[in-house]
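What follows is a short report on a single structure.
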4 protein chains.
Amino acid sequence: MCNTGKTKIIDAARTIISEHGIQGATIRGIAEEAGVSTGAIYHYYSSKEAILYDVMDDGLSEMKRISTISTEQKKKFETLIQEIFDSMQERFQKDAESRLQFYLAHEAILGNEELKHKFKDKYKDWIDRLEIIFVQAYHIEPGPLTKAVAAWTLAGIDGMVLQILLETNTVNLTHINQILDYLLNEGFTHFFQIIGNE
Amino acid sequence: MCNTGKTKIIDAARTIISEHGIQGATIRGIAEEAGVSTGAIYHYYSSKEAILYDVMDDGLSEMKRISTISTEQKKKFETLIQEIFDSMQERFQKDAESRLQFYLAHEAILGNEELKHKFKDKYKDWIDRLEIIFVQAYHIEPGPLTKAVAAWTLAGIDGMVLQILLETNTVNLTHINQILDYLLNEGFTHFFQIIGNE
Amino acid sequence: MCNTGKTKIIDAARTIISEHGIQGATIRGIAEEAGVSTGAIYHYYSSKEAILYDVMDDGLSEMKRISTISTEQKKKFETLIQEIFDSMQERFQKDAESRLQFYLAHEAILGNEELKHKFKDKYKDWIDRLEIIFVQAYHIEPGPLTKAVAAWTLAGIDGMVLQILLETNTVNLTHINQILDYLLNEGFTHFFQIIGNE
Amino acid sequence: MCNTGKTKIIDAARTIISEHGIQGATIRGIAEEAGVSTGAIYHYYSSKEAILYDVMDDGLSEMKRISTISTEQKKKFETLIQEIFDSMQERFQKDAESRLQFYLAHEAILGNEELKHKFKDKYKDWIDRLEIIFVQAYHIEPGPLTKAVAAWTLAGIDGMVLQILLETNTVNLTHINQILDYLLNEGFTHFFQIIGNE
DNA sequence: TATGAATGAGAGTTCATTCAT
DNA sequence: AATGAATGAACTCTCATTCAT
């Protein structure tokens, strides 16, 4: 793994942001973390904003989430459900990554239109993928409601990650997962049956 | 409503933060918005941090959410469900407030332990209240799973608010509400039946 | 003479510029010379450029030159000539002021359009005034050639000031003044006679 | 003309200075203009100052002005006068060169003693040459006053070039030239007659 | 010779905080 | 109570200069 140039700076910037937030990320701090001089930063990036932009770009690109679940080959229902479940469990674990995502979302909400646009693209992609998986798993026809279910599913995961990051610890993870398990195995099946009959 | 002293400053600070974020909130800006001098600020608050603290404190206090739904008197199922539904719709509308909440969450995640603790208390309170409403509405016994459902419900709302703030516009609000409607009227009923039988 | 606020800063800036040039004029240097902190500068001026602008504006305003010679009342030929002569002698003396003027001209030539415009206005004013004085002194009709003579006269003075600032010391000031004396007393008379006869 | 090494750098530096001024001349910019790397510059020059010095040195060397007028062979009055006139017209045209000269003068005035010394030599040379031409053309004896007239003539040209660079446009070039024509053909003749009779 | 990444001092600017009035 | 001028540390960014390659 070559840690040269931009990579070194982006990695340092990501570390600093994770530790001190975007407000606390200074060029000097990033340079120090990267082990280079402040001036060196400007060989690779024309401004601090450009650095943050790349950090965000990288950060969002790495938000694979359910996108790693292949929908190419036909899989058994149990396999698909297990993969979704595992994918969500993984998100609950990745603290640093989730932290960065909330920073980015915060920035986007604050008015960074470019970032907002990227988030829009990402969410569309995630929701589309999740819908395809649902279609495969539950043998249903895609439509506005399947998309809405996907959106709610992602929303639930995001909200749960927020509670985890905030360390609310109100509910035990075991019970949290039981609900998730029910939803994937029976809840959605039940829902799509009812929808199908209408 | 007397707009003197601290109140005036906190209101100004909240406005500034909503518009420019915490990074963009300067003492000068807050003073200007409040219509006082920078020096005057320091008669009421010893530091900028103290102001932000109060803004956060107020902000969290005002996060009423489902807490406005009374559980004192016995209500019909339909009435309770409608009240929950309306309460969530309301959250989807309150842009400025949601924005501030995300700023606060962001700050808490960043390492503000006191704020984190307040969030913990808040979520516990919300989840407890939601659980009581569920117990009333679905005629079930409270337990870890009812709490988990409440936690997931809040998580879903938070995540959906995030998508709204990010203006992802992936799914139409009508369909979003259809899912919510199903969950409250049939989904949870179905779930608690299954849980009850186990 | 109240040396408060802007005045103090402008005076300091003028001093620094005279000593170190515009390149050598730093905010820190100006602040030190003015006896205030760097931050204080920004109470009065929003940028370094704004300071330089005011220095230039002041500098150009103070370039009274022949504009102090009143043309209101009728004066004897000898009086007028003597006043012009004295006015020019004065310019030869004012080292610091002339120095600043050349800095400003240099900046204008470099591409500062606003400054260029100011110079244009100033030169127009000076030339017009000098023409009026010539008309009074030599009893002639104003016209393009009288304006041209005025322009050449100013040009000569500017060029001579340049030689003085460069300390070329090629010619003794006494002889320089003898030529000036001839021009004012006989040269121009002779010229306007010839022009008049054409 | 070999454009290697120092020449290439000096040419680039002169171009940059003409376009952006001395303040705007950076090593990077010069290197780019010269088509070499920043490091390569330091093979030829030990510092930026050294480059600027050579630019100035070259710039002053190229200030030929009236020095191109040969005084070797006897010429007719009309020929000499025409040559002086043409030489001055040429100066009015050479914008870039004049621009550079003012930068140099500016630097010298700012305190560059070496440059000041060079200017002194140059002006002495120009004035001496002009005096010789005057002596030839007007059949007079050289003396302090002939030198003073030469100094004033140069001063006038310098001042007029300044007005041209500043784009004051107060007076039409045609009328400017009419005055010059009068001076060379009749003015100086008249002056030297009067001086001679005293 | 030649490159260009790297250095680091210093530039303009911001802003929480203080304090004489 | 209230003002706002003043402070100064810390920020982003620039650029002459160096040096391993």
Side-chain angles (χ1 to χ4, degrees), chain A residues 4-6 8-9 22-32 34-52, chain B residues 4-6 8-9 13 16 23-32 34-52, chain C residues 4-6 8-9 22-32 34-52, chain D residues 4-5 8-9 13 23-32 34-52:
Chain A
T4 47
K6 288 195 165 195
K8 204 161 58 178
I9 292 168
I22 288 180
Q23 317 182 47
T26 69
I27 290 285
R28 266 184 186 73
I30 293 169
E32 201 171 328
V36 297
S37 66
T38 60
I41 300 281
Y42 288 89
H43 269 282
Y44 300 98
Y45 289 98
S46 61
S47 68
K48 184 187 176 181
E49 200 183 356
I51 298 172
L52 295 182
Chain B
T4 48
K6 290 195 165 195
K8 206 161 55 179
I9 293 169
I16 294 285
Q23 313 185 50
T26 67
I27 288 285
R28 260 185 190 74
I30 293 169
E32 203 169 326
V36 298
S37 66
T38 58
I41 299 275
Y42 286 87
H43 278 282
Y44 299 100
Y45 288 99
S46 61
S47 71
K48 185 188 177 182
E49 201 182 355
I51 297 172
L52 294 182
Chain C
T4 48
K6 288 194 164 196
K8 204 161 57 177
I9 293 168
I22 286 180
Q23 316 182 50
T26 68
I27 289 286
R28 274 178 182 77
I30 292 168
E32 200 171 330
V36 297
S37 66
T38 59
I41 300 279
Y42 288 88
H43 269 282
Y44 300 100
Y45 290 98
S46 60
S47 69
K48 185 187 176 183
E49 200 184 356
I51 298 172
L52 295 181
Chain D
T4 48
K8 205 161 55 178
I9 293 168
Q23 314 185 48
T26 68
I27 288 286
R28 259 186 192 71
I30 293 168
E32 203 169 327
V36 297
S37 67
T38 57
I41 299 275
Y42 286 88
H43 278 284
Y44 300 100
Y45 288 98
S46 61
S47 70
K48 184 186 177 183
E49 202 181 354
I51 298 171
L52 295 181

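Naming convention: chains lettered A, B, ... in sequence-line order (proteins, then strands); numbering from 1 in each chain. Quick caveat, the model's predicted, so the values are computed rather than measured.
Within the 4.0 angstrom heavy-atom criterion, only backbone atoms of the sugar-phosphate kind lie near Ile27(A); the bases stay farther away. Contact annotation for Ala31(A): no contact, since no heavy-atom pair falls under 4.0 Å across all strands. When heavy atoms are screened at a 4.0 angstrom cut-off, Ala25(A) is found touching the sugar-phosphate backbone but no base atom.
Residue whose closest nucleotide on DNA chain F sits further toward the 5' end, between Ala40(B) and Tyr42(A): Ala40(B). Where Thr26(A) and Ser46(D) meet DNA chain F, the nucleotide closest to each residue was compared, and Thr26(A) sits on the side nearer the 5' end. Comparing Gly39(B) and Ser37(D) by the nucleotide of DNA chain E that holds the closest heavy atom to each, the one mapping nearer the 5' end is Ser37(D). Mapping Val36(A) and Thr38(B) onto DNA chain E by nearest heavy atom places Val36(A) closer to the 5' end of the strand.
dT1(E) and dT21(F) have their C1' atoms separated by 13 Å, with the value rounded to a whole Å.
Going from atom NZ of Lys8(C) over to atom C1' of dT7(F) covers 13 Å, rounded to whole Å. Separating the CD atom of Glu32(A) from the P atom of dG8(E) is a distance of 12 Å, rounded to the nearest angstrom. Rounded to an integer number of Å, the gap from NZ of Lys6(C) to P of dA6(F) is 13 Å. The interatomic distance linking Ile51(C) (CD1) with dT13(E) (C1') rounds to 11 Å, in whole Å. For the pair Lys48(A) NZ and dT12(F) P, the interatomic distance rounds to 4 Å; values are reported in whole Å. To the nearest angstrom, C1' of dA10(F) lies 15 Å from CD of Gln23(A). Spacing between atom OH of Tyr45(C) and atom C1' of dA6(F) amounts to 17 Å, rounded to whole angstrom units. Rounded to whole Å, atom C1' of dT12(F) lies 12 Å from atom CG of Leu52(A).
If you check distances only, the side chain of Arg28(C) does reach the base of dG12(E) with a donor-acceptor pair under 3.5 Å. Interface remark: the His43(B) side chain does not form any donor-acceptor pair with the dA1(F) base, using a distance-only criterion of under 3.5 Å.
Remark: Glu32(A) CD is loosely packed, at most 12 non-hydrogen atoms of other residues, nucleotides or ligands lying under 6.0 Å away.
For the OP1/OP2 pair of dA2(F) and a distance below 4.0 Å, the side-chain nitrogens and oxygens of Tyr44(B) include at least one atom meeting the criterion.
Of all heavy-atom pairs spanning Ile16(B) and Gly29(B), the tightest one is CD1-O, 3.8 Å.
Separation of atoms NZ (Lys48(A)) and OG1 (Thr26(A)) is listed at 7.0 Å; rounding is to 0.5 Å.
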